[in-house]
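The block underneath contains the structure these notes are about, expressed in structure tokens.
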Amino acid sequence: MSYPYIKEFQNSLVEWFQREKRDLPWRKTKDPYKIWVSEVMLQQTRVDTVIPYYENFLEKFPTVEALATAEEEFLLKQWEGLGYYSRVRNLQAGVREVVENYHSIVPNNRASISTLKGVGPYTAGAVLSIAYGVPEHAVDGNVMRVLSRVLLIEDDIALPKTKKVFEKAVMDLMDIKHPSDFNQGLMELGALVCTPTSPKCLLCPVRDYCGAFAEGQTSNLPVKTKKTKVKKLAYDVFIVENDKGQLLMEKRPESGLLANMWEFPMVLENEHYSALAEFSQQYSVEVLGQEALLTLKHVFSHIVWNLSSYYVQGESKSGIWLSLEEIEQLPLAVPMQKILQQYKISRKKL
DNA sequence: TAAACGTGGTT
DNA sequence: TAACCAAGTTT
């Protein structure tokens, strides 16, 4: 490419990263497996959120063998609250491929590592460059924001095809002597300095090589189109307790939203019938009493749930009835955790 | 390609 | 408050 200050840009970025980088748990290791775990957890997820999950996860699953042999329910429990739960099932599937096909050694080239479940273009480049020092691109949202400004790239970063533009740009700019620090430097710069709003250009190590700074365009880049609005759904949720103090539980389907997570029985609200009647019929539960517990709104990335939860005393021969202690071993999505918490509080008052 | 897929923090 | 954002991948 014609970018004239490549060497200066590389040196300024790498030296800044080495000087200013945050002290993060996954920066204390070069174990490809641990880097892999961190990269999967960090997908669409904040650093502060990830840290405790990362520490716990590697305590429970310190090696690829440990993760490969883990029970899925226990695995999901460790991911509980992190979101995007298919990540952890894909991670285990990928790790099992490494154990079976690669003698438990994470592949060190893009072609091989990219075949692993859950390893996309970004994660492949991140593990290769950070763990193995391979000069490969690792383009995330930070990198697109930083380079759209530095190079004045106006392509819409919401479009999938735009990523190729940035992958080429990264390879053109790559410091082949320091692939790890270069890639992490771009991301760290995006996280700490070249932020979406109010970038700290006066603190930027590559300000002198930034097109957007020179032309006063930082607030107009990157170009990103908006998303569509979310779908709203209203459910009635029933905490059903039998005379043994057990609660009726359900496991969600193995695919789709919150796959394989556990929840309390829910019925979609509808003007045409009573949700309670519908529930007692669907679950064959004889309802003896009902008491409102908690209403809450839970916002997913593409759906909003409006939940009304009720405490119900009832009996049924069918269904899965579990004690509180058993339920607390199960992976529950955040809205169910909140409802369970409210149930425990109400129960204590009796 | 567009949509699905979580959650919590920030503006 | 609604919208946007955060180290993306899969279908």
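Within every chain, numbering begins at 1; the chains are lettered A, B, ... in the order of the sequence lines, protein sequences first and strands thereafter.
- A heavy-atom distance below 4.5 Å is not found between the side chains of A/L247 and A/L322.
- Near DNA chain C, defined here as any heavy-atom distance below 4.0 Å, the residues from residues 107-118 of chain A are A/K117, A/G118, listed numerically.
- Near DNA chain B, meaning a heavy atom under 4.0 Å from it, residues 195-207 of chain A has no residue at all.
- Residue-level contact check: A/W26 touches the bases, meaning some heavy atom is under 4.0 Å from a base atom.
- If you check the side chains of A/N11 and A/K7, you find no donor sitting under 3.5 Å from an acceptor.
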Show me the protein contacts with nucleotides 3-7 of chain B, counting only N or O atoms at under 3.5 Å.
{"unit_1": "B/dC5", "atom_1": "OP1", "unit_2": "A/L257", "atom_2": "N", "d": "3.1"}
{"unit_1": "B/dC5", "atom_1": "OP2", "unit_2": "A/H302", "atom_2": "NE2", "d": "2.6"}
{"unit_1": "B/dG6", "atom_1": "OP1", "unit_2": "A/Y84", "atom_2": "N", "d": "3.4"}
{"unit_1": "B/dG6", "atom_1": "OP1", "unit_2": "A/Y85", "atom_2": "N", "d": "2.7"}
{"unit_1": "B/dG6", "atom_1": "OP2", "unit_2": "A/L258", "atom_2": "N", "d": "2.5"}
{"unit_1": "B/dG6", "atom_1": "O4'", "unit_2": "A/Y84", "atom_2": "N", "d": "2.9"}
{"unit_1": "B/dG6", "atom_1": "N7", "unit_2": "A/Y84", "atom_2": "OH", "d": "3.3"}
{"unit_1": "B/dG6", "atom_1": "O6", "unit_2": "A/Y84", "atom_2": "OH", "d": "2.9"}
{"unit_1": "B/dG6", "atom_1": "N1", "unit_2": "A/Q44", "atom_2": "O", "d": "3.1"}
{"unit_1": "B/dG6", "atom_1": "N2", "unit_2": "A/Q44", "atom_2": "O", "d": "3.1"}
{"unit_1": "B/dG6", "atom_1": "N2", "unit_2": "A/T45", "atom_2": "OG1", "d": "3.1"}
{"unit_1": "B/dT7", "atom_1": "OP1", "unit_2": "A/Y85", "atom_2": "OH", "d": "2.7"}
{"unit_1": "B/dT7", "atom_1": "OP1", "unit_2": "A/V334", "atom_2": "N", "d": "3.2"}
{"unit_1": "B/dT7", "atom_1": "OP2", "unit_2": "A/H298", "atom_2": "NE2", "d": "2.7"}

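- A/S38 comes within contact range of no nucleotide atom at all, as no heavy-atom separation falls under 4.0 Å.
- Taking all atoms of both residues into account, the shortest heavy-atom contact from A/L173 to A/Q10 is O-NE2, 2.7 Å.
- Partners of A/Y235 according to the ring pair (Phe, Tyr, Trp, His ring centres under 6.0 Å) rule, which considers only residues two or more places apart in sequence or in another chain, are A/W305.
- Every pair passing side-chain hydrogen bond (donor to acceptor under 3.5 Å, both in side chains) that includes a residue from residues 32-44 of chain A is listed here, sequence neighbours excluded: A/E39-A/Y122, A/Q43-A/T123.
- Within the 4.0 angstrom heavy-atom criterion, no nucleotide atom of any strand lies near A/R89.
- A/I239 CD1 to A/S309 OG: the interatomic distance, rounded to the nearest 0.5 Å, is 6.5 Å.
- Taking 4.0 angstrom as the limit, A/K224 places none of its side-chain polar atoms (N or O) nearer than this to OP1 or OP2 of C/dA6.
- What you find for A/N108 and A/L128 is that their closest heavy atoms are C-CD2, 3.3 Å.
- Remark on DNA chain C: of its neighbouring residues A/N90 and A/R22, the 5'-side contact belongs to A/R22, judged by nearest-heavy-atom nucleotide.
- Nucleic acid contact class of A/L24 (heavy atoms, under 4.0 Å, all strands): base.
- Contact annotation: the side chain of A/F9 never approaches that of A/D175 to less than 4.5 Å [non-hydrogen atoms, C-beta and beyond].
- A distance of about 13 Å separates the C1' atoms of C/dT10 and B/dT1, rounded to the whole Å.
- When the P atom is used for both C/dT11 and B/dG6, the distance is 13 Å, rounded to whole Å.
- Applying the side chain to side chain contact (heavy atoms under 4.5 Å, CB included) test to A/S323 and every residue at least two apart in sequence or in another chain returns A/E325, A/E326.
- Using a 4.0 Å heavy-atom criterion, one finds that A/R27 contacts the bases of the nucleic acid, with or without backbone contacts as well.
- Separation of the P atoms belonging to C/dA6 and B/dC5 is 23 Å when rounded to the nearest angstrom.
- Contact of the A/V237 side chain with the A/S308 side chain is not registered, since no non-hydrogen atoms from C-beta on lie closer than 4.5 Å.
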